[in-house]
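Heads up: the structure comes next, in structure tokens.
Just so we're on the same page: letters track the sequence lines, and every chain starts at 1. In this text, all values refer to a predicted model and were calculated from it rather than measured experimentally.
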Amino acid sequence: MDANQVLVEISTCFKEAMRNGIGAEGLSFPFDPEDIVDDGLKDICRRLSAVFDMINESYRYAELLARGDLKAQASRTNIFAMPLKGLQSSLAHLTWQANQVAAGDLSQQVHFLGEFSNSFNLMINSIREKKIIEQQFKLITEVLGEGVFLVDYSGKIIFSNPESNRLLGYSSSEIENVLIQEVIHKQQLDGTLYKPAENLLFDAISIGINYDDEGAFTCKSGFLMPVTIASRPVFKDEKLDGAVIAFRDITEQKKYEQSLETINKLLETQATTDALTGIYNRVKFDRTLITEISKAERYSSPLSVIIFDIDHFKRVNDTYGHSAGDNVLKRLAKLVGANIRETDVFARWGGEEFVIQVPGVSLAQTAIFADKLRSKIEEFDFSEPERITVSFGVAAFQHGDNGTTLINRADKALYRAKENGRNQVCHSE
Amino acid sequence: MGDVYNFNWTDLGDLAVGRPNLGEETSVIVYRLMQYTFKDVLSKEIGKQRAVELFVQAGLLAGKEFCNNVLDTSLSFNAFIADLKDKLVALKVGVLRVEEADMDQLKFVLTVAEDLDCSGLPIFGESVCDYDEGFIAGIFEQYTGKKFTVKEVDCWATGDRTCRFEVKPIEG
Ligand SMILES: [Zn+2]
């Protein structure tokens, strides 16, 4: 073979490859260089054969890399494979970086890989921003001063902020993954357990609606904490994902409300009670009389009033002193109070004068009732003095009456009882 | 005299004062010229093997000093590597990349592309970044407090396109 034949052989081989590609077989050097007689040409052909081998090797190497095999190797002397080795090391590094990012390392940046560097670094920046937003959200929940839960749509707690842990006494790891309706919000404020359909917070979570109300959360200690609850649904890709629940301890507020209620009741009692005898005063009597009169008017039901006055009370005060007089008033109130019905309204009218509303009872019956009271009083031992007597006036409601007209008639009857010699019951016509 | 020289970071001088016009940077040619002529002379004086050992030793000292004076050792590993990478790019030493990191066993595979010592060199058939081996070992030693051995397994001079270093702690 001379040089010309060698070139033709090699050219034919290339022509083939340039039409069909290198393929799985690779390029094969068309003859054995050792067959060449001329030493100079043999040397050239050996080198050309080595180039063929390098092309084949780098071709296979590139194929492996293209398939993602980062363990592929090419021999060190292969000059065609060198840029691919640079690419291989970049890919190996990127693989490590991606794993780092997946593990939460956001310090990764890619340098000197053109467009890819930009894209990767943009991705990292956007993950960092999301992380910052996440941290800010956490920070907000921390400074908020309200308990915050994140739950999924089944009520499972995914996140609890420090305030919620502080309020309820759980650590995050204890409370996360528990169902809120089974552990935290299973009881009403009075301690009774919710029946399945009654738990409105859970309903709101599972169907994705807003919920705002007061309720109770059960602490780790078992203590039932009154709370205000605000729940808002969270959607992911337009599908219900769960809810954010904010709650606040209102134990103090509840206590305050209760104490306010107590004070109001006390004030109400003070405003309607006679301080000396503890029975109703005139204010309360007038108020209930209006109600009773309108009832009597509407339903044509009977309504009677009794007004009574201690006979010669001035003498008691003069003889035994004012405190003895007060004692007589107290004992009398107690005695009468013990002998009336629950529906009767018994009040001190002023001085030694008392009134009773007797709803549902006719004039005649009331007069009989009043006389029973009169004899009970007459027989009672008041100690200082032992005996007192009382005069009674009785009147019954008539169509068109108001409080004043009704009382006035009773008062006139009382006056007659006094006139007629006291210790007796008189009634109006 | 018989005395020794102890390196001190401040011996690098005040470049702002010393080079008001030429600045901090020089050419890679000059750096390599010094490194390879040193290698030439030393290998002839004390043998190539010993010369290489001394290069590694000098690199180790450089790595420790570099870590002490330029890097922040209080950072977590990931942040430390990110910082190291930035500094090596800024100082135009090379582009450091991590291929593997086993934090339990402290074993790493690192690559340095466009390495100051060897990128663009002819193929010698053997790795030449002895100084780099020491430099990396010095940085890791200073950061972790443990001694490391660093071997350059691939180099531009062995036909690769990046230098690849295997880093592992010396047992015991
Ligand atoms: Zn190298």
* Examine distances only and state if a side-chain atom of K39(B) and a backbone atom of V128(B) form a donor-acceptor pair shorter than 3.5 Å. => yes
* Ring-ring centroid check F148(B) Y143(B), cutoff 6.0 Å -> no
* **Near-ring test F247(A)/F149(A), centroid separation under 6.0 angstrom** => yes
* Asked: Taking the six-membered ring of W96(A), is the NZ or CZ of R97(B) close enough (under 6.0 Å from the centre) and on axis enough (within 45°)?
  -> no
* **residues 12-49 of chain A: residues contacting chain B (heavy atom under 4.5 Å, by number)** => none
* Counting only heavy atoms closer than 4.5 Å, note whether V95(B) contacts chain A via side chain, backbone, both or neither. => side chain
* Asked: Which bit of L106(A) is near chain B, if near means a heavy-atom gap under 4.5 Å: side chain, backbone, both or neither?
  -> neither
* Salt bridge R164(B)-E100(B), side-chain N to carboxylate O under 4.0 Å -> no
* To do: Below 4.5 Å from any heavy atom of chain A, which atoms of T158(B) appear? Answer side chain, backbone, both or neither.
  => both
* Considering only NZ, NE, NH1 and NH2 on the basic side and carboxylate oxygens on the acidic side, decide whether K147(B) and E141(B) come within less than 4.0 Å. => yes
* Structure fact -> Bottom line for D154(B): the part with an atom under 4.5 Å from chain A's heavy atoms is both
* Structure fact -> Of S89(A), S107(A), A81(A), the largest count of non-hydrogen pairs under 4.5 angstrom with chain B goes to S89(A)
* Structure fact -> salt bridge (Lys or Arg N to Asp or Glu O under 4.0 Å) pairs touching residues 134-162 of chain A, sequence neighbours excluded, are E146(A)-R248(A)
* **Residue part contacting chain A, namely of V89(B), when any heavy atom lies under 4.5 Å** => side chain
* Asked: For Q49(B) and E53(B), does a side-chain donor sit closer than 3.5 Å to a side-chain acceptor?
  -> yes
* For the pair R60(A) and E57(A), find out whether any cationic side-chain nitrogen is under 4.0 Å from an anionic carboxylate oxygen. => no
